[in-house]
Protein chains: 2
Amino acid sequence: MRIGELSARTGASRRSLRYYEQQGLLVSTRSPSGQRCYDDDHVQRVALVQSFLAAGMSSRTIAQMVPCMTEPNMDRAREALTAMNQERNRLSSTIDSLAAARAALDHLIDVNRNFLANAADD
Amino acid sequence: MRIGELSARTGASRRSLRYYEQQGLLVSTRSPSGQRCYDDDHVQRVALVQSFLAAGMSSRTIAQMVPCMTEPNMDRAREALTAMNQERNRLSSTIDSLAAARAALDHLIDVNRNFLANAADD
DNA sequence: CTAAACGCTCACATCGACGTCAAGGGCAAG
DNA sequence: CTTGCCCTTGACGTCGATGTGAGCGTTTAG
């Protein structure tokens, strides 16, 4: 599969896919003429990258973690494990912040509803 | 209180506070010489803004929602309610994405741990 | 064979929340 | 009055993921 199809199947733009590769998040083989070739496994890999990016991880962080899936190596695995645990903690506290913001928002919504209800009574 | 103290009490930089005001997220009275003056209520307001920004809301979005706390007005209140509900949904789905990413991360951590454990056995 | 559709690299543009620096004014203590 | 710290506005810089366009080669359908 070439880049266009991978793009269609993942929703990532061609530009993004080339960027992922440049950042070391994605590997491709090349056809004799230099075009990128992917197989079905790459679809999953891109989905994973997208998920992590959407979670606010930087491409550098992802690059630290994801390669160890393809090239397992003792030292990198240990580094990766550290990075992963850090990111796990960051994710968890981000989730907590978001939940707090949502609670604050719920409060505002409530205040607002009451205001509108009272205004209607007048 | 002037901007320096508000900054110290909220953790937001002076630059950020001026930016919030420029974006309509914060209102200040001015001393005769043009310096911004705040009272204790502003501390809470800034905390709210910070919480929303940390949740990934844009300042434009916050500006739509927050003013209705100070200047309640029927039309704005209705607009704000719409914006708030949209943001609530966005927040919820973001939280879900983060949870999914965390689950994926947990899986990677597991794979990694097993790899290290097996390698240790050799 | 040719045109359309796709791919390549390089490089500049964008957006949003700030950092940072410049050039200047306000105000209290020595 | 001056030293020092706080304040003002304005403008340019930053970072990261991606858009976009130029200029050029490749693959595919008619």
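Here is how names work: the chains are called A, B, and so on, in the same order as the sequence lines, proteins then strands, and each is numbered from 1. Since the structure is predicted, the reported quantities are computational estimates derived from the model, not experimental observations.
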Query raised in the report: Is it true that A:Arg60 and A:Glu87 make a salt bridge, defined as a side-chain N closer than 4.0 Å to a carboxylate O?
Result: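 A:Glu87 and A:Arg60: not salt-bridged.
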Query raised in the report: Would you call B:Glu21 and B:Arg30 a salt bridge, using N to O less than 4.0 angstrom?
Result: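 Looking at B:Arg30 together with B:Glu21, the answer is yes, because their closest N to O distance falls below 4.0 Å.
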Query - Closest-nucleotide ordering on DNA chain C, the 5'-leading residue of B:Ser59 and B:Gln35 - result: B:Ser59
Query raised in the report: For B:Leu53 and B:Pro32, take the nucleotide of DNA chain C holding the closest heavy atom to each; which residue's nucleotide lies nearer the 5' end?
Result: B:Leu53
Provide, to the nearest angstrom, the distance between the [atom1] atom belonging to [X] and the [atom2] atom belonging to [N].
{"X": "A:Leu6", "N": "C:dG7", "atom1": "CG", "atom2": "C1'", "result": "14 Å"}
{"X": "A:Glu5", "N": "D:dT28", "atom1": "CD", "atom2": "C1'", "result": "15 Å"}
{"X": "A:Arg14", "N": "D:dA17", "atom1": "CZ", "atom2": "C1'", "result": "18 Å"}
{"X": "A:Met1", "N": "C:dG7", "atom1": "CE", "atom2": "C1'", "result": "16 Å"}
{"X": "B:Phe52", "N": "C:dA17", "atom1": "CZ", "atom2": "C1'", "result": "17 Å"}
{"X": "B:Glu21", "N": "D:dT9", "atom1": "CD", "atom2": "C1'", "result": "12 Å"}
{"X": "A:Arg30", "N": "C:dT9", "atom1": "CZ", "atom2": "C1'", "result": "10 Å"}
{"X": "A:Leu17", "N": "C:dT9", "atom1": "CG", "atom2": "P", "result": "13 Å"}

Report task. Look at the side chain of A:Arg15 against the base of D:dT20 and say whether a donor-acceptor pair falls under 3.5 Å; ignore hydrogens and angles. Result -> yes
Query raised in the report: Is there a donor N/O on one and an acceptor N/O on the other, under 3.5 Å, for the side chain of A:Arg2 and the base of D:dT27?
Result: no
Query raised in the report: Do the side-chain N or O atoms of B:Ser58 get closer than 4.0 angstrom to the phosphate oxygens (OP1, OP2) of C:dG16?
Result: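 The answer is no; no side-chain N or O of B:Ser58 sits under 4.0 Å from OP1 or OP2.
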Query raised in the report: Under 4.0 Å between a side-chain N or O of B:Tyr20 and OP1 or OP2 of C:dC18?
Result: yes
Report task. Taking only the side-chain heavy atoms of A:Tyr19 (C-beta and beyond), determine which of C:dC18, D:dA17, C:dC27 contains the nearest atom. Result -> D:dA17
Requested in this report: Apply the side chain to side chain contact (heavy atoms under 4.5 Å, CB included) test between A:Arg45 and each candidate in A:Leu6, A:Thr10, A:Leu26, A:Leu25; give the one that qualifies.
Outcome: A:Leu26
What's [X] touching, base or sugar-phosphate or nothing? Going by heavy atoms closer than 4.0 Å.
{"X": "B:Ser31", "value": "nothing"}
{"X": "A:Arg60", "value": "nothing"}
{"X": "B:Arg36", "value": "sugar-phosphate"}

Query raised in the report: Is it the case that B:Thr94 and B:Ser97 place a side-chain donor and acceptor less than 3.5 Å from each other?
Result: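 There is no such pair between these side chains.
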Report task. Kindly check if the number of other-residue, nucleotide or ligand heavy atoms within 6.0 Å of CZ (B:Arg90) is above 12? Result -> yes
